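What follows is a short report on a single structure.
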Amino acid sequence: MLASDFRAAARGALSGRWTIAVIAGLIAAVLGGISSNLPKVNFNLDSAEGASVSLRGIPGLDVPILSGIVAAWLASFVMAAVILAIALYILGSVISLGYARFNLDLIDGREPELNVLFSDFHRFGTAFLARLLMSLYILLWSLLLIIPGIMAAYSYAMTPYILAENPDMTAGEAIARSKALMAGNRWRLFCLQFSFIGWNILAGLTLGIGNLWLTPYTQAAEAAFYRDLVPAPASDADILLF
């Protein structure tokens, strides 16, 4: 499957379910449940700062493609931002599992429910450890060179989906499984993400409002990518029919 195939699968899964998908994506984003480990192209438009396009998302990586006037943050907001970021990092680790499950339900043709976002709080320790280990590994690889850090981020990208589908798996096992799955597939995921660059620019032109629809679109496409690597387990009904 190509990037266009995953996008088509996402659109098909979202057909008639855009409202609940937008709400779920908004909740997941607000609570820190959407992983920020992968590099992404950001387009920022601000009347005071001008426009800028940059590649971000890996520790130590902030490559400006087009730079505008950079405004300084007031020092009083820095500490509040740090505290909020830590809180969202911790809470988002378990929300990310629920959001992965939500998007897999979409791709698998099941009716998605918002309460699934909060269905993995009993696995808080595993979810937090997985996110912490991924961040640590990516940081360590990034200290060597930027490219190894990017490759590591893509290697661990499927960890939330793996944990969502395998409740008995440990954080280390899920990371190792993701690494094995992504061997030879990192470039495919990069191409999928890069194929949304036009939509990211359009979302930036709407001052971010377009991300309400872009987020569920990209996340559903990523879930379709995972499902291409790991076929859906057979349901009880399928087993009985067989």
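Remember, predicted model here, so these are calculated numbers, not experimental data.
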Beyond-backbone contact of [X] with [Y], side-chain heavy atoms, under 4.5 angstrom:
| X | Y | result |
| --- | --- | --- |
| Tyr161 | Leu97 | no |
| Leu140 | Leu143 | yes |
| Ile27 | Phe118 | yes |
| Arg131 | Thr159 | no |
| Gln193 | Glu222 | yes |
| Tyr89 | Phe128 | yes |
| Thr215 | Gln219 | yes |
| Met182 | Leu229 | yes |

Determine whether Tyr137 and Ser155 satisfy the following criterion, side chain to side chain donor-acceptor pair (under 3.5 Å), listing intermediate values before the conclusion.
CA-CA 11 Å; Tyr137 294 158; Ser155 292; over 6 Å; no
For the side chain of [X] and the backbone of [Y], is there at least one donor-acceptor N/O pair under 3.5 Å apart?
| X | Y | answer |
| --- | --- | --- |
| Arg17 | Leu106 | no |
| Asn185 | Leu181 | yes |
| Thr206 | Gly210 | yes |
| Ser178 | Ile175 | no |

Considering all heavy atoms of both residues, which atom of [X] and which atom of [Y] are nearest to each other, and what is their separation?
| X | Y | result |
| --- | --- | --- |
| Phe124 | Ser93 | CE1-OG, 4.4 Å |
| Ala223 | Asn103 | CB-CB, 3.7 Å |
| Ile20 | Pro112 | CD1-O, 3.3 Å |
| Gly98 | Asp120 | N-OD2, 3.8 Å |
| Ile95 | Ala28 | CG2-CA, 4.1 Å |
| Ala232 | Asp108 | CB-OD1, 3.9 Å |

Are Trp187 and Phe190 close enough that their ring centers fall under 6.0 Å?
yes
Say you draw a straight line from [atom1] of [X] to [atom2] of [Y]; how long is it, rounded to the nearest 0.5 Å?
| X | Y | atom1 | atom2 | answer |
| --- | --- | --- | --- | --- |
| Trp141 | Leu136 | CH2 | CG | 12.5 Å |
| Asn200 | Thr218 | CG | OG1 | 7.5 Å |
| Leu133 | Ile138 | CG | CD1 | 11.0 Å |
| Glu113 | Glu111 | CD | CD | 8.0 Å |
| Phe102 | Ser96 | CZ | OG | 15.0 Å |
| Leu189 | Tyr154 | CG | OH | 5.5 Å |

Are Trp18 and Ile107 linked, directly or through intermediate hydrophobic residues, by side-chain heavy-atom contacts shorter than 4.5 Å (ILVMFWY only)?
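Not linked; separate clusters.
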Distance-only check: which donor-acceptor pairs under 3.5 Å involve side-chain atoms of residues 162-171, not counting sequence neighbours?
unit_1	atom_1	unit_2	atom_2	d
Glu165	OE1	Tyr226	OH	2.9
Glu165	OE1	Arg227	NH1	3.4
Glu165	OE2	Arg227	NH1	3.3
Glu165	OE2	Arg227	NH2	2.6
Asn166	ND2	Ile162	O	2.7
Thr170	OG1	Glu173	N	3.2
Thr170	OG1	Glu173	OE1	3.3

Distance-only donor-acceptor hits, side chain of residues 2-14, under 3.5 Å, sequence neighbours excluded:
unit_1	atom_1	unit_2	atom_2	d
Asp5	OD2	Leu2	N	2.7
Arg7	NH1	Ser195	OG	3.0
Arg11	NH1	Tyr217	OH	2.7

